[in-house]
Amino acid sequence: MNPADLWSIVPELWLTGLAIFLLLVDLFTARKTVVGVVAVIGLLLSIIPTGVLLGQDPRTILAGTYAVDGFAVFFKILTVIATALVTLAAMDWLPGRTQYEGEFYALLVFTAVALILMAASTDIILLALSVEFVSLTSYVLAGYLKGNVKSNEAGVKYFLFGATASAVMLFGFSILYGLTGTTNLYEIARRVSDAPLQALSLSVALMLTGFGFKISMVPFHQWTPDVYEGAPTPVAAYLSVASKAAGFAALVRLLMVVVDPRQLNWVPLLAILAAVSMTLGNLLALPQRNIKRMLAYSSISHAGFLLIGVVAFRGDFGTPGLLIYLLGYTFTQLGAFFVAALIGRQLGTDDIPDYAGLSRRAPVSALLMAVFMLSLTGLPPTSVFVGKFYVLAGAIDNGLLWLAIVGVVNSIISLYYYAGVIRAMYIMPAPSTVPLEEPAALQVALGIAGLGTLIIGLYPQPIIDLARSAVLLLRI
Amino acid sequence: MGELAAFIILACVTLIPAVVVVTSGNIVRSALSLIPTFLGVTGLYILLHAEFVAGIQILIYAGAITVLILFVIMLTAGGTGTRIRQVNEQVPLGAMAAVWLGFLILLVIFRTRWPYTATPAPQYNVASIGTAFLTDYVLIFEVTSLVLLVSLIGAIIVARREE
Amino acid sequence: MHVGLTHYLVVSTILFCIGLYGVLTRRNAVAILMGIELMLNASNINLVAFNRYLAPGAVGGQTFALVIITLAACEAAVGLALVMAAYRSLETIHVDEINVMKW
Amino acid sequence: MDWLTEILKAALLTVVVFTYLAVVTAMIGVYLERKISGWIQARLGPKHVGPQGLLQTVADTVKLLQKEHITPRQADVLIFNAAPIMVAVAGLLDWVVIPFGRIGERVLVVRDLNIGVLYFAAMASLTVIGILAGGWSSNNKYALLGGLRSASQMVSYEIPLALGILWVAMIAGTLSTVGIVQAQAQQGGWFLFKLPQLDYAGAPFGILAALTFLTAATAEVNRVPFDLPEAESELVAGYFAEYTGMRFALFQLGEYAEAFAMAALAAIMFLGGWLEPNLPAWLWITLGLAAVLVVVLLLITGASRDLLIRPILILAVLGAALCVVMFFGVQAGRSPVLPSPVWFLTKMFALVFFLIWMRWTYPRLRLDQLLNLSWKVLLPVGLLNLLITGFLITVVRAP
């Protein structure tokens, strides 16, 4: 091991230390909000060492098990932002619902470490390990509210689906190892070119199961609505964003580095899965009344859009589009979930009809929610619009016009149910006119999410540059 | 010849109880059948000269995981009865899926030319695994410890009774 | 006839499918976990066998197998904790009865 | 490797080891247990069958063999019958890696595995499954409670046990039991007092590790003060409440086999196994004279008539005899003076005595105290010991 390598994993070390520190803070303080505040500050501070890595040459460290490249740095930033926002939201949502509040923040930070590791692994052992790491913390977080039957159910279901998916994925990994005799991704990439095609496709198919589960791609999406509905709302937000982003990061790294499409053409398969995910997610979202379930189904649909970015890997649009989409989607989706958390906290309901008259009772939140809904639909000038634009342009660029058309049609379908939320908030009459209390930390998180959504939508150039450079650095 | 005999015995010791695990109507018997399966797998590891993995396999799988499973079965009343239906309506579907997938994988395995190497196995040394963990795989080793810590915390939080 | 790589792969494949069958057909959450453990064991046999026959000089496969064994233990701990928590409030460990939310 | 002969050899050795264990551990173990507990409780213990009741256990075994096998109604017969066998086999398999001594260049061990102590820990962890199975299949709530208690206890104490083993493996640089003894032979001292890297400065760490290991081992074999799984006064007899006859005997056999195996492993890891203590002649004679003095004092004051003193008297006589033999042996320049298995068995039985002694000295712990001891005391102590010793032997290497 080269001691200089340690300087390249300072963000990871910092976050790990932070998580352990949080456990200690939690031990010695009765005011659990302190733990949350420390977590947010620590998370934000980790941006500094991450930023230092930004301009560095791409390389692998620690005997080739870990990548330091623009791609990894991009996901580090994304993860840290998402985790900080979720922590802020949880600080207002969680108190009174569980007696293990301090550990919650620590587990969130641990999950952040795991997600970061997942996006930067260049060794299949580490990749499998970090995927499982994310899964394990996610199961715990989903089932965190022990007295709540829905949370129990979410935890058990998530665990059973997830553990099965990872068992299948690990079998796929074992075959990949057998085809190459090495665990290093780049070494595998060198040797896999003379690997037998059938065995390789079997292995890729099995691995896709695992990643498909993480990113809730059809047909591995069944867990999504139940888990999102049952899990604590901040956790659902986190799962729908960060876990999905890291899943895509790992999938992109695996597919792009290891499997050359000229050898094994995975493009048509993934394109079809993308189209099916978009359409099915949308159709199932249409009749939903529960906002969390609706967002769950719509996140399946978004997974389909994101898959277009994976499929359209040639050219300047697809993969950068994927990253832009992910970042924009992170802000938007988190924001939408935060509003749901706020309303859920105040009104004790997650049903969309209960949002009636929200524009008068909580004008700021309602306005932001409207922005998020428009953004999720993909209307300008919002962040998801930029992402969708790039991804669809990528599809056309790669000669997948039909996929782009499916995407556009689906965006139009999705307008129906997203607009339904806006309609409830602005047009339907309010059952009471009592203004809703809007707690501070949640407001901050909401504000940041709203700002992020709009800024990326209005002035996307820096993000586009960042995404482009990140993608360029992917292949070492 | 002797090796083949040992292999066949171990394969049977592994697979026959495995079938009992997934088909038995008595959940405790299912759980106890895991033990011969795990021991058979251990035997396969020994045949493959992976003795350290074999030792860990017994210690963790047979000694810890099975005990944990038995523990939970016995703590959750209603799970242990034999009159309870243990299978869902998907039996034919599940059997079909399993058989088809198995058939597919076997087909691929037989049609693949695996990249054998001619080098003979070196003298097996437990130390080489330890060295690998602390040199090339040091990050994996450290992350594994983190995973253990986190699952410990998580399991305690979730399993503890709410006061 | 010598014991070769294929022999081990056949055993592991059969074990994997037995496990998968268990996962697909069982009602009891703990029994599903048992099926998952069988599947993980199948991957481990694969890894160790590949390590022995394809890359005997390195220990990558065995390391991977050890990591998977550790993960299996973590999964069992977390999973069974969740099952216990669910059992306390729902009083069942049968997956088809853990069904508060509609599909 | 020819697997066919391997299997045959293994089967043969199993028979040999089984016979040894059935005779030595179970029978002598039960006899010693009863005799020593008798003395400690100021009574005589078995006395009538054979000289000093030596044949009492033989008679008991014959009686047990003749007894009827009772299977409780609605018990799970298959599991009920298999459970005692599981416990016995797991207890017996421990002995595969225990070296009894050395004759010439040949080490008396069934198999010197390169994962020796790991194998031992793995086999020891299998016992709990038999116990759990036996407790559940009896269809008796006391048995089930005993089995569950046992599971939580053994799973908890496996970790400090493993930490003790790990400490030794770290010091010796090998997992093989024979290798561990040889490492102690090389440095000319036991790991209890002397480490190759730290010399005698390592003694506190060695003693700490040995204490961790022994405490965990006592709990692992369900002996007092950790005998909650079979606490007679609370649970009738715990997991084997429903067992009769030979099946009950098998449980006993497994338990004693494992208890003795733990003592044997402790002797190997911390007391140098079959190695002869390398003391100068004057020290031997001093020790011998001290022992003789104790014997004489006890006899003169008449304290020897008190049954409570009897174990001390017997130990002192045995110790004096040993020291005298050693003194003359060393004087005559013989090395080693006594054959190595004698030393191994001496150390092992000394530890067995220690275990029995503990049994009548400490009251039983409560379940929460038991778990706290494991998780809040032994585990941190074991980890810290491992960490500090590891730090010292890497950084402050002895010249």
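Chain letters run A, B, ... following the sequence lines, proteins first and then strands; every chain starts at 1.
- Distance check: C/Ile32 CD1 to A/Thr164 OG1 gives 7.0 Å after rounding to the nearest 0.5 Å.
- Taken to the nearest 0.5 Å, the CD1 atom of C/Ile45 stands 10.5 Å off from the OG atom of A/Ser174.
- With a 4.5 Å cut-off on non-hydrogen atoms, C/Ala29 touches chain A through its backbone and its side chain both.
- Within the 4.5 Å cutoff, no side-chain heavy atoms of A/Asn152 are placed close to those of C/Tyr87.
- Of the two parts of A/Thr183, only the side chain, counted from C-beta on, holds a non-hydrogen atom closer than 4.5 Å to a non-hydrogen atom of chain C.
- Highest contact tally toward chain C, considering only A/Ala163, A/Gly162, A/Gly143, is held by A/Ala163 [criterion: heavy-atom pairs under 4.5 Å].
- Summarising the geometry, atom NZ belonging to A/Lys146 is positioned 11.0 Å from atom CG belonging to C/Leu82; distances are rounded to the nearest 0.5 Å.
- The backbone N or O of C/Gly61 sits less than 3.5 Å from a side-chain atom of A/Tyr177, completing a donor-acceptor pair.
- Taking chain C as the reference chain and counting heavy-atom pairs below 4.5 Å, the highest number among A/Val156, A/Ile124, A/Val140, A/Leu170 is found for A/Leu170.
- Distance CG/C/Leu54 to CG/A/Leu179: 9.0 Å, rounded to 0.5 Å.
- Both the backbone and the side chain of C/Phe64 come within less than 4.5 Å of a heavy atom of chain A.
- With a 4.5 angstrom heavy-atom cutoff, C/Ile68 touches chain A only via side-chain atoms.
- Annotation: maximal heavy-atom pairing with chain C below 4.5 Å, among A/Ile175, A/Leu136, A/Asp123, A/Thr180, occurs at A/Leu136.
- Within 6.0 Å of CZ in A/Arg289 there are 12 or fewer heavy atoms belonging to other residues, nucleotides or ligands.
- Shortest non-hydrogen contact noted between C/Ser43 and A/Ala167 is OG-O, 4.1 Å.
- Between the CZ atom in A/Phe171 and the CG atom in C/Leu15 there is a gap of 9.0 Å [rounded to 0.5 Å].
- With respect to chain A, the highest number of heavy-atom pairs below 4.5 Å among C/Val23, C/Leu71, C/Val67, C/Leu33 belongs to C/Leu71.
- Both the backbone and the side chain of C/Asn51 come within contact range of chain A, with heavy atoms under 4.5 Å apart.
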